[in-house]
Amino acid sequence: MSPQEQAAFAAGIETARQMALTAAVTLEIHDDAREVRQQAAAAALQGLADGLQAAFRDPPMTITSITS
């Protein structure tokens, strides 16, 4: 990928992460936020955001970083 493509990809991942967090917060402040279905949806969205960050933003873990 070219540097421009890499930057666009990273921006898209960050946007998706922020949208997932925004949707989770929106669910958490609704009147029916105590319902299990709403809590599960909010947790899933937070998990998605965490997964996107772990998979695409944080540097990948290597054998040398584990043993150092």
Side-chain angles (χ1 to χ4, degrees):
M1 263 194 274
S2 72
Q4 289 175 328
E5 291 169 331
Q6 289 176 348
F9 180 79
I13 294 297
E14 177 60 20
T15 300
R17 190 185 74 79
Q18 289 178 6
M19 290 175 69
L21 288 175
T22 300
V25 169
T26 300
L27 287 172
E28 290 173 346
I29 63 171
H30 269 220
D31 293 336
D32 59 351
R34 294 220 177 254
E35 291 183 20
V36 173
R37 181 185 71 225
Q38 299 289 29
Q39 291 175 352
L45 287 164
Q46 289 172 346
L48 171 63
D50 291 344
L52 287 170
Q53 183 170 2
F56 296 107
R57 291 187 62 212
D58 293 339
M61 190 170 286
T62 61
I63 299 293
T64 55
S65 67
I66 294 171
T67 58
S68 300

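The shown structure was predicted, so the numbers you read here are calculated from the model rather than taken from an experiment.
In this view, Asp31 satisfies the side chain to side chain donor-acceptor pair (under 3.5 Å) rule with no residue, not counting sequence neighbours. Every residue two or more places apart in sequence or in another chain was checked for a salt bridge (Lys or Arg N to Asp or Glu O under 4.0 Å) with Arg34, and none qualifies.
Put simply, CD on Gln53 and CD on Glu14 are 7.5 Å apart, with the number rounded to the nearest 0.5 Å. In this structure, CD in Gln18 is found 11.5 Å from CG in Leu52, a value given to the nearest 0.5 Å. Taken from CD in Gln38 to CD1 in Ile29, the straight-line distance is 11.5 Å, to the nearest 0.5 Å.
Cluster membership for Leu48 and Phe9, using ILVMFWY side-chain heavy atoms within less than 4.5 angstrom, is shared.
For CD of Gln4, the number of neighbouring non-hydrogen atoms (other residues, nucleotides, ligands) closer than 6.0 Å is 12 at most.
Closest non-hydrogen pair, Ala24 versus Ala42, comes out as CB-O, 3.7 Å.
The hydrophobic cluster containing Leu27 also includes Leu45, under a criterion of side-chain heavy atoms closer than 4.5 Å among ILVMFWY residues, counted directly or through chains of members.
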